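Remember, it's a predicted structure, so these values are computed and weren't measured experimentally.
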Amino acid sequence: MDEVLDIVDVAADFGFGGVIVALLTLLGIVAVIAGFGLWLLTDAGLLVLPALLIVGGGVLTVAPGIVLVAAELVG
């Protein structure tokens, strides 16, 4: 976990922190939309993939901002 915080801290020092957070948030939103699309628009008997996409997209939407704030507080 310390390595991840170090990488995020270096990215924030160079000014790329906001860009990384925005890209990961966008990727998370796309994953959530894809998960809901698979769940609602297809006749999928197995609901594991849409559930993983929705949960993973939610984590990708929230976690980068939290990690960036934690890196700024620690460093």
Side-chain angles (χ1 to χ4, degrees):
M1 183 68 182
D2 291 334
E3 291 84 13
V4 173
L5 289 176
D6 289 339
I7 292 170
V8 172
D9 190 33
V10 169
D13 287 343
F14 285 119
F16 295 122
V19 174
I20 293 171
V21 169
L23 287 175
L24 288 175
T25 302
L26 182 65
L27 182 66
I29 291 170
V30 168
V32 169
I33 291 171
F36 276 119
L38 280 174
W39 180 42
L40 296 174
L41 301 175
T42 63
D43 188 26
L46 183 66
L47 296 176
V48 175
L49 181 62
L52 287 174
L53 281 171
I54 292 169
V55 171
V59 169
L60 275 176
T61 303
V62 175
I66 293 172
V67 171
L68 187 64
V69 169
E72 289 177 359
L73 288 177
V74 171

Engineer: Who pairs with Ile33 by side-chain contact (heavy atoms from CB on, under 4.5 Å), at least two apart in sequence or on another chain?
Structural biologist: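 side-chain contact (heavy atoms from CB on, under 4.5 Å) list for Ile33, sorted by chain: Ile29.
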
Engineer: Just jot down the side-chain contact (heavy atoms from CB on, under 4.5 Å) partners of Ile54, sequence neighbours excluded, or say none.
Structural biologist: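 With neighbours one apart ignored, the set is Phe36.
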
Engineer: Shortest non-hydrogen contact from Ala31 to Gly57?
Structural biologist: CB-CA, 3.8 Å

Engineer: Once you round to the nearest 0.5 Å, how far does CG of Leu60 lie from CG of Leu26?
Structural biologist: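 Leu60 CG to Leu26 CG: 10.5 Å, rounded to 0.5 Å.
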
Engineer: How far apart are the closest heavy atoms of Val21 and Pro64, and which atoms are they?
Structural biologist: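 Closest pair (atom of Val21, atom of Pro64, distance): CG2-O, 3.8 Å.
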
